[in-house]
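Report on the following structure.
Counting starts at 1 for both ligands and their atoms, following the listed order.
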Amino acid sequence: MELDMHKPTVLVTGGAGYIGSNTAWLLANKGYQVVILDNMRYGQHFYPSWARVILADFADQTILDQLFTHYNVQAVMHFAGLIEVGRSGKDPSTFYQENVAKIFNLLNKMREYQIDKFIFSSSAAVYGTPKRIPITEEDPCNPVNTYGNTKYTVEKILQDYSHAYGLKFVALRYFNAAGADIENMLGERHEPETHAIPLLLEAADKGEPFYIFGDDYGTPDGTCIRDYLHVKDLAVAHYKALKYLDIHKTGIFNLGTGIGVSVKELVATVKRITGLSVEIVVQGRRDGDPDRLVADATKANQILGWIPEYSYIETIVADAWGFYQKKDISMHCDSDQHCQQRSTF
Ligand code: UFG
């Protein structure tokens with residue numbers, strides 16, 4: 001895609017990933033020029049016709065200089081980073097490097113070019129084990145894993161940058177992103193996959209067991225409760241956050257539905273939607289799993305005007321299943337030409 005140097009542009013780091021690609025697509029449809037900066041280290045080949053894709057690290061100073069010099073970048077949405085909670089505890093050095101240290105390159109380049117809007121992918125992991133449910137943004141943040149620590153640390157950096165340098169930012173604390181945009185085939189392709197819904201669908205499809213991590217939690221059926229949010233609703237929240245920054249300076253918002261779904265309820269939904277059976281094996285608890293994480297998203301509802309539309313567990317699982325069935329033949333590149341393009345600048 002040829003870029004127009006005057007058109008309002010949003011830089012989307014990690015835009016070849018699951019949530020980033022869904023958001024990038026929405027932004028392109030809202031009339032923004034979208035530049036995706038992604039190192040595609042996890043094997044994606046994502047070169048859609050509706051965005052310019054730069055195959056590079058989000059902290060690459062030379063690329064950022066070129067981008068910020070030549071294009072009218074008005075905001076940065078930062079999705080790039082590591083997400084596996086389990087790995088974060090075993091390899092904190094890499095997690096702090098990728099999720100925290102490298103962000104200074106990006107934020108300082110933004111300062112240099114006077115780009116002052118930043119939207120950050122934070123996480124419910126900042127709360128740790130919550131004292132009450134549903135969780136509001138005012139509740140204490142005590143992350144219980146390294147991943148959560150990195151997200152909370154970046155929130156603090158953003159607050160300091162805002163205070164000292166006038167950075168405008170929104171941190172969006174996602175609860176459990178799930179589902180897919182099956183029209184555009186934008187869904188989950190994590191490698192390795194650790195998330196419950198794609199693993200359950202794979203177990204159902206392949207006739208393999210699904211392992212439940214603990215059924216002795218203090219919940220009605222003994223399994224963990226999470227707040228699953230459709231990725232299409234998540235994308236809309238980012239667009240609303242961008243609009244919010246036209247008027248406001250900072251904001252931190254929970255993104256969830258307020259509805260909790262247990263792992264056993266997920267299993268039942270997957271069986272219903274796929275019509276397949278799933279063999280369940282109960283294992284011990286996974287480290288760092290709180291028994292319940294359910295959002296109070298009143299603030300996002302009222303201030304951003306964000307109301308989830310697709311986040312019913314049946315819709316989420318049906319869309320994730322639609323994506324799962326077609327993902328190997330999906331158009332991850334709109335054309336060979338786009339796929340072959342390995343953009344630098
Ligand atoms: N689960 C299983 N078996 C599996 C995978 C998951 O029982 O094979 C359970 C988990 O223990 C958890 C629930 O299913 O209770 C959901 O697990 P996910 O791995 O899908 O999601 P998490 O709640 O662990 O993680 C999500 C985000 C993280 C974020 C975290 C906040 O994916 O990025 O919420 O706590 F950090």
Side-chain angles (χ1 to χ4, degrees), residues 14 17-20 79-89 95 98-99 120-130 133-135 139 141-155 171-180 187-190 192-204 206 208-231 234 254-257 259-270 278-295 313 316-317 320:
Y18 173 42
I19 304 170
F79 295 91
L82 300 179
I83 59 164
E84 308 95 326
V85 175
R87 188 182 148 208
S88 73
F95 266 70
E98 292 295 318
N99 288 7
F120 175 59
S121 301
S122 189
S123 168
V126 300
Y127 295 113
T129 304
I133 293 291
I135 307 166
D139 289 344
C141 290
N142 294 307
V144 292
N145 50 53
T146 303
Y147 168 77
N149 281 330
T150 66
K151 292 290 173 184
Y152 194 46
T153 304
V154 172
E155 286 193 9
L172 297 172
R173 292 177 176 167
Y174 311 157
F175 281 63
N176 286 58
E188 264 181 291
R189 293 166 188 273
H190 298 123
E193 189 52 78
T194 60
H195 293 100
I197 294 178
L199 287 176
L200 253 170
L201 294 172
E202 190 173 354
K206 297 189 173 161
E208 291 168 356
F210 174 76
Y211 298 93
I212 292 186
F213 299 143
D215 65 353
D216 57 350
Y217 285 93
T219 58
D221 66 19
T223 63
C224 286
I225 290 177
R226 294 287 180 273
D227 183 338
Y228 294 91
L229 179 65
H230 200 295
V231 70
L234 207 39
N254 284 342
L255 296 180
T257 64
I259 297 165
V261 174
S262 74
V263 180
K264 282 190 179 164
E265 286 169 335
L266 262 191
V267 174
T269 311
V270 165
V278 184
E279 184 197 339
I280 296 304
V281 176
V282 177
Q283 286 195 327
R285 294 180 177 200
R286 188 172 65 176
D287 263 359
D289 264 347
D291 60 354
R292 292 167 203 252
L293 283 174
V294 179
I313 197 62
I316 287 172
V317 171

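The nearest heavy-atom contact from the protein to atom 1 (N) of ligand 1 is Phe213 CD1, 3.6 Å. Distance from atom 23 (O) of ligand 1 to its nearest protein heavy atom, with residue and atom name: Arg226 NE, 2.7 Å. Summary of contacts: the protein heavy atom closest to atom 17 (O) of ligand 1 is Arg286 NH2, 3.5 Å. The protein heavy-atom contact nearest to atom 34 (O) of ligand 1 is Asn176 OD1, 3.8 Å.
Of all atoms in ligand 1, listed by their number and element, those nearer than 4.0 Å to a heavy atom of Tyr147 are 29 (C), 33 (O), 36 (F). Each of the atoms 5 (C), 19 (O) of ligand 1 lies under 4.0 Å from some heavy atom of Thr194. When each atom of ligand 1 is checked for a heavy atom of Val263 under 4.0 Å away, the hits are 7 (O), 9 (C), 13 (C), 14 (O), 15 (O). For ligand 1 and Ser123, the ligand atoms under 4.0 Å from any heavy atom of the residue are 29 (C), 31 (C), 36 (F). Close approach of ligand 1 to Leu199 (heavy-atom distance below 4.0 Å) involves ligand atoms 8 (O). Interface atoms of ligand 1 facing Ile212, defined by a heavy-atom separation under 4.0 Å, are 7 (O). Counting the atoms of ligand 1 from 1 in the order shown, those under 4.0 Å from a heavy atom of Leu293 are 31 (C), 35 (O). Interface of Cys224 with ligand 1, defined as ligand atoms under 4.0 Å from a residue heavy atom, comprises 15 (O).
Summarising the contacts of atom 18 (P) of ligand 1 with Ala203, Ala196, Gly86, Pro143, the nearest heavy atom is found in Ala196. For atom 27 (C) of ligand 1, the nearest non-hydrogen atom from the set His195, Glu188, Arg285, Glu193 comes from His195.
No donor-acceptor pair under 3.5 Å is formed between the side chain of Asn254 and the backbone N or O of Ala295. A donor-acceptor pair under 3.5 Å is formed between the side chain of Asn99 and the backbone N or O of Leu82. Under the 3.5 Å distance criterion, the side-chain polar atoms of Arg292 are matched with a main-chain donor or acceptor of Gly218.
Contact annotation for Phe210 and ligand 1: only side-chain heavy atoms (C-beta onward) come within less than 4.0 Å of the ligand. Contact annotation: for Ala125 versus ligand 1, heavy atoms closer than 4.0 Å belong to both the backbone and the side chain.
Considering backbone and side-chain atoms alike, Ala124 places every N or O at 3.5 Å or more from each N or O of ligand 1. By the 3.5 Å distance cut-off applied to N or O atoms, Tyr228 is not counted among the residues near ligand 1.
In this structure, a donor-acceptor pair under 3.5 Å is present between the side chains of Glu155 and Ser122.
In this structure, the side chains of Asn149 and Phe95 stay at 4.5 Å or more apart for every pair of heavy atoms.
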